[in-house]
Amino acid sequence: MGETPFLRMEGITKTFPGVVANDRVNLEVRHGEIHALLGENGAGKSTLMNVLYGLYQPNRGRILLEGRPVTIHSPEEAIRRGIGMVHQHFMLVPPLSVTENVILGLPGARGILLDRDQARQRIQEISHSYGLEVDPDAPVGALSVGVQQRVEIIKALYRGARLLILDEPTAVLTPQEIQGLFAVMRRLVADGHNAIVFISHKLDEVMAISDRVTVLRNGRDVATLETRETNKAELARLMVGREVLFRIEKPPAQPGPVVLEIQDLVVRDDRGVPAVRGLSLQVRQGEILGLAGVDGNGQRELAEAIAGLRIPEAGSIRIHGQDVTRLDAGDLLRFNLAYIPEDRQREGLVLDFTLSENFVAKRFRHPPFSARGFLRRPAILAFARRLIRRFDVRAPGPEVEARKLSGGNQQKVVLARELSQEPDLIISAQATRGLDVGAAEFVEQQMLAQRARGAAVLYISSELEEIFNLSDRIAVIHRGEIMGVVRPDQVTPEELGLMMAGIRRDDLSGSAALAQVPDPTQEEASS
Amino acid sequence: MSTQVRAAGMVRMVRWERWLHLLLPVLAILASFLVGSLFLWALGVDPVTAYSALVKGAFGNSRLATTTVLKSIPLIFAGLAVTLAYRGGVFNIGAEGQLYLGALFAVWAGTRLDLPFPGHLLVALALGILGGMIWGAIPGYLKATRDMNEIIVTILMNYIAIFTVSYFVHGPLKEEGWNTQTDAVAETARLPALWAGTRLHYGVVLALLCLVLVYVLLFHTTLGYRIRMVGANIHGARYAGIKTTWIMALAMALSGGLAGLAGAVELLGVQYRLIDNFSPGWGFDAIAVALVGRLNPIGVLIAALFFGALRNGANSMQTAVRVDVVVIYILQGLAIVFLIAGSSVDNRIRRWLDAWQA
């Protein structure tokens with residue numbers, strides 16, 4: 001280990017329309033270290049790494065690799081310089097084998113002919129030396145998410161990566177898979193030649209695996225610390241910029257009759273595997289039921305089944321007592337259901353449509369927006385202007401394409417459309433994902449306002465803090481089953497964590513007595 | 001930069017873009033001529049002479065200009081057909097086959113029915129639409145209910161249509177005598193001339209009417225809104241409760257109807273007798289027309305006139321400078337290439353503008 005750090009990024013500034021994603025950010029990574037890059041969604045972590053990986057060019061600042069200034073124009077160049085990146089969304093071709101995926105795009109020793117045998121051998125060497133067990137001949141599509149991630153890591157190592165960027169690698173993993181990944185990470189840096197940048201917004205993981213931490217907040221680096229000299233509370237404060245035990249004040253819930261009732265629901269995912277497995281739950285008028293769980297445990301399929309975008313295999317869904325199990329989204333329009341989908345760009349919006357066109361997506365059939373099959377532009381425009389004002393959407397006007405807005409404002413457009421219809425039932429899936437703190441708080445406030453109005457809210461989120469903030473009751477989902485339903489004041493984050501890892505509420509011993517953390521929902525009647 | 005200033009900047013940018021949008025096809029056409037002149041020059045031909053012969057041949061006198069318009073009419077109908085389907089997210093490569101079916105139905109009505117003037121014509125036109133519609137609805141239905149790829153189905157159905165027409169031309173509808181052609185359409189079923197002494201017929205009016213109808217349908221009706229939404233983001237459309245498969249099938253059927261009208265109008269207005277291979281590939285050129293016209297009805301009109309003029313002017317160019325008509329295909333191809341290249345430049349300019357706004 002020399003004096004020169006492996007990587008230095010100095011004064012990196014990167015702007016996007018309307019956003020400064022990185023503002024004079026510095027980062028130093030040493031040989032043989034696991035360096036955590038910690039920050040909330042939208043803090044600029046991914047942008048910084050995309051700059052390093054050659055996907056973006058910084059407006060200002062420079063990058064030094066082993067002391068030498070370099071300019072990285074493309075991922076190919078980054079790879080050539082020994083930088084490898086494993087993205088959150090894997091870049092794999094499902095029908096191809098592990099070996100084929102790994103050598104895809106690489107020139108082979110035999111010209112245009114594939115040299116599978118030699119590649120397979122090297123893949124096995126890499127797997128053995130770092131504990132990345134994987135069958136080189138298995139088609140990637142048949143592998144579990146955790147194993148697919150290993151393939152991505154092997155892909156990077158095969159290309160000679162010595163500095164590995166892992167972008168939120170644990171988001172899709174089970175607790176066991178996370179432990180496996182951490183073991184691999186330690187072996188990777190053990191000989192002091194390699195280094196890992198570990199992007200995360202999860203404090204526990206950062207504390208568990210990293211040697212040093214750089215904290216980003218609102219596009220700036222606020223601190224770089226030795227992990228063993230800091231603690232979760234300090235990191236949390238640095239990351240959020242205020243004390244994290246901040247709670248939204250909310251009046252006590254006044255739950256009314258059951259609005260949504262789900263019984264023994266079974267829903268298959270896109271691959272035909274049951275993702276929701278015999279799930280039952282109820283949401284009442286005027287309450288927020290938080291659905292906590294690690295991403296990919298059936299939340300998406302559940303939400304889509306309720307919203308009529310996925311037909312359940314078995315079980316029933318009732319809204320106001322009426323069976324809606326097999327109705328599609330079009331039929332459900334008359335049930336006054338709002339759905340804030342997980343992927344707003346894919347489902348929530350039509351990016352090439354203007355804001356006004358997006359606002360009426362569910363209402364264009366009705367007066368005053370149309371009459372006898374003809375759209376009535378003036379009414380649509382007036383409606384759009386009203387929503388833009390009411391939901392404080394930052395946009396030049398109603399005729400701008402949704403594509404041109406920032407993520408937070410796009411989400412406001414979705415919220416405006418869904419909530420302005422004064423829905424009886426709201427299904428919200430990861431509504432604050434990718435939003436900055438301000439926009440996320442706006443979303444939370446809107447949910448509380450809807451609850452006060454008497455809506456039933458199913459609030460799906462993988463962010464525990466949010467779940468604690470908003471929920472009147474918390475249900476925990478694991479592998480498509482409910483592990484238990486608890487009141488937020490009767491459970492600790494640790495216990496929720498255990499339930500998210502698949503331990504049933506009934507199997508937790510003496511839970512309430514073990515509560516060590518401050519009561520997460522100091523509810524105060526402030527109405 | 002304050003939000004207000006940025007907002008003002010964005011409004012400016014939006015105007016800029018509209019302008020760019022209209023300018024691109026024109027620039028692409030000009031660029032195709034420029035690069036085309038290199039080909040001519042390589043062939044030892046003076047490009048200026050060639051192009052002026054081309055323009056003269058297309059618009060030199062009223063008779064030639066009339067021919068240009070006549071050659072554009074099927075392209076307008078079929079271009080609108082492709083546009084409508086494409087807007088709904090379905091790629092209709094089958095306009096050619098739909099056009100054949102439309103012509104066949106119209107000719108059947110025109111030669112086998114005995115009706116008085118406007119009624120006969122209207123029935124023939126309606127049957128032409130119906131023929132194309134059936135031929136469009138089949139792939140639409142298969143896509144909606146069986147998830148079959150509409151590109152493949154429409155391509156293959158083109159062959160069925162072309163050979164079906166061939167069968168009728170050689171068999172049931174063949175006129176008495178040696179020629180493999182149908183009887184001529186009855187006078188009562190023909191599209192009348194716009195005024196005496198011209199070949200320009202009421203198909204022009206019908207084409208412009210369809211253009212307005214397609215525009216209104218797409219941008220001012222709830223059905224058009226649904227069609228565009230399905231085309232722009234099928235997931236978003238499903239989420240909004242739109243029956244996407246049904247909309248795609250409907251868009252395809254309407255598209256087929258328009259293409260069928262292309263064939264019917266050509267037969268009832270110009271050719272009168274159906275023969276083998278009566279279309280020089282209008283259904284395929286229509287795809288280019290729709291793309292060069294940027295899937296906009298007005299753009300389709302401009303592109304159809306451009307393509308019609310090229311085809312018509314080609315003969316004069318051939319006689320004037322003795323180059324083969326295929327040069328026209330080169331120009332056509334170049335225009336499309338430049339348009340696609342232009343779209344990416346367009347995107348880059350937008351990104352520059354974005355960056356500049358930031």
Side-chain angles (χ1 to χ4, degrees), chain A residues 14-21 57 59 304 307-310 327-334 337 339 341 343-354 357-358 360-366 369-377 380 394-397 399-405 414 417, chain B residues 1-18 21 86-89 213 215-247 250 294-295 347 350-358:
Chain A
K14 175 68 193 170
T15 58
F16 295 105
V19 195
V20 182
Q57 295 308 308
N59 303 71
E304 289 182 355
L309 295 172
R310 201 178 273 274
L327 299 190
D328 69 19
D331 306 325
L332 281 167
L333 286 176
R334 67 195 150 87
L337 160 84
Y339 173 38
D343 190 338
R344 55 183 158 270
Q345 301 205 330
R346 194 176 108 108
E347 289 181 323
L349 294 168
V350 179
L351 291 177
D352 289 326
F353 271 23
T354 64
E357 283 176 321
N358 271 294
V360 294
K362 286 184 172 176
R363 266 173 280 190
F364 65 90
R365 295 176 185 81
H366 305 292
F369 307 120
S370 66
R372 287 184 223 88
F374 283 87
L375 295 173
R376 298 188 57 223
R377 293 264 162 193
I380 294 173
R394 301 292 164 80
E399 294 286 50
V400 165
E401 288 158 33
R403 184 180 296 288
K404 297 214 159 59
L405 269 53
V414 176
R417 182 185 63 216
Chain B
M1 212 190 286
S2 79
T3 316
Q4 228 176 2
V5 173
R6 201 156 51 225
M10 271 180 82
V11 171
R12 261 205 311 281
M13 198 168 80
V14 169
R15 292 208 188 107
W16 219 124
E17 277 178 14
R18 288 218 177 116
H21 192 79
Y86 205 115
R87 283 278 186 174
L213 281 178
Y215 183 84
V216 171
L217 171 73
L218 277 176
F219 297 101
H220 291 281
T221 69
T222 57
L223 177 61
Y225 175 88
R226 275 178 277 193
I227 291 175
R228 285 187 297 122
M229 194 182 224
V230 170
N233 179 354
I234 189 159
H235 305 288
R238 240 161 65 78
Y239 163 89
I242 290 169
K243 316 259 185 226
T244 52
T245 52
W246 192 82
I247 290 290
L250 187 66
R294 303 204 99 193
L295 304 175
N347 288 337
R350 278 171 209 227
R351 242 175 296 153
W352 282 339
L353 287 173
D354 278 348
W356 176 72
Q357 295 296 331

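Each chain gets a letter, A, B and so on, in the order its sequence line appears, and its residues count up from 1.
Electrostatic pairing of B/Lys243 and A/Asp328 counts as a salt bridge here, judged by a charged N lying under 4.0 Å from a carboxylate O.
Using a 4.5 Å cut-off between heavy atoms, A/Asp331 contacts chain B through both its backbone and its side chain. Looking at A/Arg417, the atoms closer than 4.5 Å to chain B (heavy atoms on both sides) all sit in the side chain, from C-beta outward. Contacts between B/Arg226 and chain A at a heavy-atom distance below 4.5 Å involve the side chain alone, from C-beta outward. Both the backbone and the side chain of A/Leu309 come within less than 4.5 Å of a heavy atom in chain B. With a threshold of 4.5 angstrom between heavy atoms, A/Arg372 does not approach chain B through any atom at all.
When all heavy atoms of B/Ala240 and A/Ala361 are compared, the closest pair comes out as CB-O, 3.6 Å.
Looking at A/Leu375 and B/Thr221, their side chains never come closer than 4.5 Å, going by heavy atoms from C-beta outward. Counting only heavy atoms from C-beta outward, the side chains of B/Ile242 and A/Phe364 approach each other to under 4.5 Å. Contact check for A/Glu304 versus B/Arg238: no side-chain heavy atoms found under the 4.5 Å cut-off. Residues A/Phe374 and B/Val216 have side chains in contact (heavy-atom distance under 4.5 Å, counting atoms from C-beta outward).
For B/Thr245, the side-chain contact (heavy atoms from CB on, under 4.5 Å) test picks out B/Ala144, with sequence neighbours left out.
In the displayed structure, B/Phe219 atom CZ is contacted under 6.0 Å by more than 12 heavy atoms of other residues, nucleotides or ligands. In the displayed structure, A/Arg363 atom CZ is contacted under 6.0 Å by more than 12 heavy atoms of other residues, nucleotides or ligands.
Looking only at heavy-atom pairs under 4.5 Å with chain A, the residue among B/Leu217, B/Leu223, B/Asn233 that has the most is B/Asn233.
When atom types are taken as modelled, the side chain of B/Tyr239 and the backbone of A/Arg346 share no donor-acceptor pair closer than 3.5 angstrom.
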